[in-house]
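Read the structure below first, then the notes.
Residue numbers count from 1 along this sequence. All of these numbers come straight from a predicted model, not from anything done at the bench.
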Amino acid sequence: MKEGIRVELDSVYRTYRPLLLSLAYRMLGTVTEAEDLVQDVFITVQQQNLYQEESAVRSLKAYLCKMVTNRCLDQLKSARKQREVYTGPWLPEPLVQDYAITPGPASAAGQQAQDPLQILLLEDTLSYAFLVMLERLTPVERAVFILREAFDFNYHEIADFVNRTEPGCRKIYSRLKRKIQEERPAEPFSSSRAEQLVLQFLHAGATGDMEGLLALLAEDIVLYSDGGGKVLAALRPVHSSQRVLAFIQGLIAKGQGQSQGQDGSAGGVRLVRVNGQPGLVLTSAEEAYPTVVSLEFQDDRIQRIYLIRNPDKLQHLKLSAAE
């Protein structure tokens with residue numbers, strides 16, 4: 001490969017990889033599969049010389065997004081069958097970052113030299129609860145909604161991406177918009193308010209204040225735990241504040257007396273950002289991988305708790321050493 005062409009390809013890679021990762025992650029709900037899929041797309045770009053000026057591709061951005069969308073649709077169709085026999089609830093892979101990092105353009109610029117995925121971590125506004133809700137859509141519904149809602153593609157482009165008619169895509173989006181507005185998780189709290197509620201949750205658990213903890217739980221709260229059959233986890237969602245409280249008491253009792261992890265580090269709890277919102281990472285002396293906790297709030301109470309424990313979904317985590 002000539003040096004000039006290599007530089008041009010590198011520029012295309014740096015320019016579009018964050019966008020394509022964001023699209024693939026929203027479509028697939030997994031970080032590792034999104035990274036692999038985007039990497040394969042760029043291999044195709046290189047092999048077909050799609051990045052060169054003389055290429056017949058009119059809009060490289062749109063063409064790349066179409067490639068990613070179609071590969072995601074194919075992958076989702078096969079993944080749906082696998083998830084039907086998945087052990088326990090299937091939850092998306094979380095985007096987790098150190099809480100000290102404040103989201104925003106300045107922070108994203110500071111992470112530029114590290115990994116485009118870190119830029120996605122800082123700029124992504126899709127809450128974890130909303131990502132969970134997207135799992136109930138069909139692959140094509142998910143593609144139409146994400147392309148329109150998150151990336152603002154016009155219906156002509158979306159129709160081309162998903163091989164549907166333009167009026168058909170309009171109908172799909174309109175129907176989903178109404179349905180999702182009825183079911184959509186509550187809009188994320190301000191970061192400061194969400195942090196206060198998470199810290200209250202932590203304090204109540206650490207001090208054994210079960211009454212205070214119960215007061216933070218909505219009566220119809222649901223807890224989901226994803227272990228994938230590889231680690232201990234609830235095989236079915238846990239419903240109601242009393243049952244969720246009992247489940248949390250069991251976790252607290254299990255964690256008591258554990259002072260050191262397998263790698264010699266102390267076990268415990270740390271505040272992090274999970275898909276842009278305050279969440280928790282729990283470490284244990286008995287397990288190599290942590291547990292990521294995402295909390296969904298509504299009316300100052302916890303409406304949903306998501307525990308991501310499957311080690312396969314946590315291998316991408318890159319957190320600094322706890323102080």
Side-chain angles (χ1 to χ4, degrees), residues 29 86-97 99 126-136 183-189 191 193-228 231-256 267-284 287 289-311 313-314 317:
Y86 189 81
T87 303
W90 189 96
L91 294 175
E93 290 183 13
L95 294 175
V96 182
Q97 65 183 129
Y99 195 79
L126 187 68
S127 74
Y128 189 79
F130 190 69
L131 193 65
V132 171
M133 191 190 66
L134 289 177
E135 289 299 318
R136 300 203 295 269
E183 303 179 5
R184 186 168 189 164
E187 291 297 323
F189 281 34
S191 184
R193 181 55 183 154
E195 179 181 344
Q196 290 175 3
L197 293 170
V198 172
L199 291 177
Q200 288 178 30
F201 178 78
L202 269 179
H203 178 75
T207 59
D209 180 9
M210 293 300 107
E211 289 187 6
L213 192 56
L214 183 61
L216 287 170
L217 307 180
E219 291 186 6
D220 58 347
I221 186 175
V222 184
L223 181 148
Y224 300 88
S225 182
D226 179 354
V231 296
L232 187 63
L235 295 180
R236 294 180 178 83
V238 181
H239 295 264
S240 85
S241 56
Q242 290 292 344
R243 291 181 178 178
V244 170
L245 179 64
F247 186 92
I248 294 173
Q249 285 178 305
L251 292 179
I252 293 173
K254 180 183 177 182
Q256 288 177 342
V269 184
R270 63 188 296 185
L271 186 65
V272 296
R273 293 189 187 277
V274 180
N275 288 66
Q277 291 293 305
L280 304 170
V281 165
L282 314 180
T283 54
S284 166
E287 297 176 339
Y289 285 93
T291 295
V292 174
V293 182
S294 176
L295 304 174
E296 177 189 339
F297 295 99
Q298 186 171 349
D299 299 327
D300 277 1
R301 289 194 173 189
I302 302 172
Q303 192 68 42
R304 299 283 187 273
I305 299 178
Y306 304 101
L307 305 180
I308 304 94
R309 292 179 43 75
N310 186 341
K313 298 184 179 183
L314 302 172
L317 298 189

Could you check Val272, Leu314, Val274 and say which one makes a side chain to side chain contact (heavy atoms under 4.5 Å, CB included) with Val281?
Val272

How long is the straight-line distance from CG of Leu217 back to CD1 of Ile248, given to the nearest 0.5 Å?
5.5 Å

Evaluate the side-chain contact (heavy atoms from CB on, under 4.5 Å) criterion for residues Gln242 and Leu214: first the C-alpha distance (whole Å), next the side-chain angles of each, then the deciding distance (0.1 Å), finally the verdict.
CA-CA 8 Å; Gln242 290 292 344; Leu214 183 61; 3.7 Å; yes

Set out, in order, the CA-CA distance, both residues' side-chain angles and the distance that settles side-chain contact (heavy atoms from CB on, under 4.5 Å) for Tyr86 and Asn310, then state yes or no.
CA-CA 11 Å; Tyr86 189 81; Asn310 186 341; 2.8 Å; yes

Pairwise distance CD(Gln97) to CG(Leu317) - rounded to 0.5 angstrom:
11.5 Å

Is there a side-chain contact between Tyr289 and Ile308, using heavy atoms and a 4.5 Å cut-off?
no

Just how far is it from atom CG of Leu223 to atom OG of Ser240, taken to the nearest 0.5 Å?
11.0 Å

Report yes if some heavy atom in the side chain of Val198 is under 4.5 Å from a heavy atom in the side chain of Leu280; otherwise report no.
yes

To the nearest 0.5 Å, what is the distance between CD (Glu211) and CG (Asp209)?
7.0 Å

Starting at CZ of Arg243, measure out to CG of Leu245 and round the result to the nearest 0.5 Å.
13.0 Å

Going through the checks in order, is the side-chain contact (heavy atoms from CB on, under 4.5 Å) test met by Asp226 and Lys313?
CA-CA 9 Å; Asp226 179 354; Lys313 298 184 179 183; 2.5 Å; yes

Rounded to the nearest 0.5 Å, the CG atom of Leu295 sits from the CZ atom of Phe297 at a distance of 4.5 Å

Do Tyr306 and Val293 make a side-chain contact, defined as non-hydrogen atoms from C-beta onward lying under 4.5 Å apart?
no

With the side chain counted from C-beta on, respond yes when Glu135 and Trp90 share a heavy-atom pair under 4.5 Å apart, and no when they do not.
yes

Give a yes or no on whether a salt bridge exists between Glu287 and Arg309, defined as a side-chain N under 4.0 angstrom from a carboxylate O.
yes

